[in-house]
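What follows is a short report on a single structure.
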Protein chains: 2
Amino acid sequence: MQMQIQNAFRALADPTRREIVQILASGDMTIAQLTDQFDMTRAAVKKHLTVLSDGGLITVEARGRERINRLEPNGLAPILDWFSYFDQFWDDRLNNLKEAIERNKK
Amino acid sequence: MQMQIQNAFRALADPTRREIVQILASGDMTIAQLTDQFDMTRAAVKKHLTVLSDGGLITVEARGRERINRLEPNGLAPILDWFSYFDQFWDDRLNNLKEAIERNKK
DNA sequence: TTGACATGATACCATTTGGTACCCCATAAA
DNA sequence: TTTATGGGGTACCAAATGGTATCATGTCAA
């Protein structure tokens, strides 16, 4: 639904949450592990994780007494879909990104 | 600087501002014209435009007593650059989008 | 069982945010 | 010169936001 787009954009609007996303890109982490990376309480990190989850950007897997936070690959889809509305404005850049990725694959 | 990314993401976090961006994609508009498209005061629209300008997503050109608001094509660049960090997660997505664009070009 | 650890949940607080109302200035039009 | 229109700027307000502190719960280990 449309709310998903709003939640996704809102989730990425905060610098701490964007950093969490970047950290999780390099590997799954528990809440405690993530908290070690920031200068704030576990409760604050947990709130950010809830917002990220609402935005569909991460998934959480219960594992014993731990909660494994994992980046959701398809979470960026709604945002990219929204951007696709502006093809005529960022075609060139999109093509450049695509080419860079192609080079990386070789 | 890094602040530009934050301002850009923040600008897109609000649904009204995303709608303004979409409207401006179809043509430049004055503040009064934009206000006609929404159920809010001119002052509120003006605030949104200021945020969009801070985010580098639009430019404003003074023209007589009017202010022409124009979508800035390169404004999305910082956001796309940030996304490029997650190549491994949205490679497929990007490919699909690229293919769709290729089809449209034919 | 007992204790330590990982998390959940809530109350509370300061700041930011989205919005209105209001007044002022510049400019176009009569 | 009036008069109307487009916009800037500020004060103010309610709600959302980001954070802490605190307490409760479940689970692993000795």
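So you know, we letter chains A, B, ... as the sequences are listed, proteins then strands, and number each from 1. These figures come from a predicted structure and were not determined experimentally.
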Rounded distance (nearest 0.5 Å) linking atom CG of A:N69 with atom NE2 of A:H48: 13.0 Å

Length of the CZ-P vector between A:R42 and D:dC23, whole Å: 14 Å

Separation of D:dT20 P from A:K46 NZ (nearest whole Å): 15 Å

From CD1 (A:I79) to CZ (B:F83), nearest 0.5 Å: 4.5 Å

Spacing between B:H48 atom NE2 and D:dG8 atom P, to the nearest angstrom: 15 Å

Pairwise distance CG(A:L12) to CD(B:Q6) - rounded to 0.5 angstrom: 10.5 Å

NZ/NE/NH1/NH2 to OD/OE distance under 4.0 Å, B:E61 and B:R67: no

Sugar-phosphate only, base, or nothing, as touched by A:K47 at under 4.0 Å among non-hydrogen atoms: base

Sugar-phosphate, base or nothing in reach of A:A32, heavy atoms under 4.0 Å: sugar-phosphate

Length of the line joining B:I31:CD1 and D:dT5:C1', which is rounded to integer Å: 13 Å

Interatomic spacing from CE in B:M29 to CG in B:D36 - rounded to 0.5 Å: 8.5 Å

Euclidean distance, A:E19 CD relative to A:D14 CG, rounded to 0.5 Å: 10.0 Å

Single hit among A:T50, A:D28, A:L49 for side chain to side chain contact (heavy atoms under 4.5 Å, CB included) with A:I58: A:L49

Atom pair distance, as rounded to whole Å: CD1 in A:I20 and P in D:dG18: 11 Å

N/O donor-acceptor pair under 3.5 Å between B:Q33 side chain and B:T30 backbone: yes

Contact boundaries on DNA chain C for chain B, cut-off under 4.0 Å to non-hydrogen atoms: C:dT17 to C:dA28

Protein-nucleotide distance (A:R17, atom CZ; D:dT17, atom P), rounded to Å: 8 Å

Any residue of residues 55-68 of chain B with a heavy atom less than 4.0 Å from an atom of DNA chain C: B:G64, B:R65

From A:F9 atom CZ to B:F9 atom CZ, the distance as rounded to the nearest 0.5 Å: 8.5 Å

Separation of atom CE in B:M29 from atom C1' in D:dG6, rounded to whole Å: 16 Å

Whole angstrom value for the distance that separates P of D:dT17 from CZ of B:F9: 18 Å

